[in-house]
Amino acid sequence: MGEYNTDWGVLFSGLTLSAAPIILIYIVLSRQFISGMTSGAIK
């Protein structure tokens, strides 16, 4: 490990752990999310 070296494994695991809750919430609530988007677009 040096000053200009990046540990890509740690970086990508952190990004995955930070994005996973948002993706899981979207998957669980996708039906309500899509129906809300379409009902707001159609008058």
Side-chain angles (χ1 to χ4, degrees):
M1 294 299 292
E3 184 179 352
Y4 300 107
N5 193 6
T6 303
D7 191 0
W8 292 106
V10 174
L11 180 66
F12 285 132
S13 65
L15 289 171
T16 303
L17 288 176
S18 64
I22 298 169
I23 294 169
L24 289 175
I25 289 172
Y26 176 75
I27 290 171
V28 170
L29 300 176
S30 64
R31 181 173 294 156
Q32 289 83 7
F33 180 74
I34 292 170
S35 68
M37 293 283 283
T38 56
S39 69
I42 301 171
K43 288 189 174 184

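These numbers come from the heavy atoms of this one structure, side chains and all, not from hydrogens, waters or symmetry mates.
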Subject >> Contacts of type side chain to side chain contact (heavy atoms under 4.5 Å, CB included), residue Ile22, not counting sequence neighbours >> reply: none
Subject >> Minimum heavy-atom distance between Ser35 and Thr38, given as atom pair plus value >> reply: O-OG1, 3.1 Å
**OP:** Take Ile23 and Tyr26 through the test side-chain contact (heavy atoms from CB on, under 4.5 Å) and record every step on the way to the result.
**Re:** CA-CA 5 Å; Ile23 294 169; Tyr26 176 75; 5.7 Å; no
Original post:
CG/Leu24 to CG/Leu29 distance, rounded to the nearest 0.5 angstrom?
Top reply: 10.5 Å
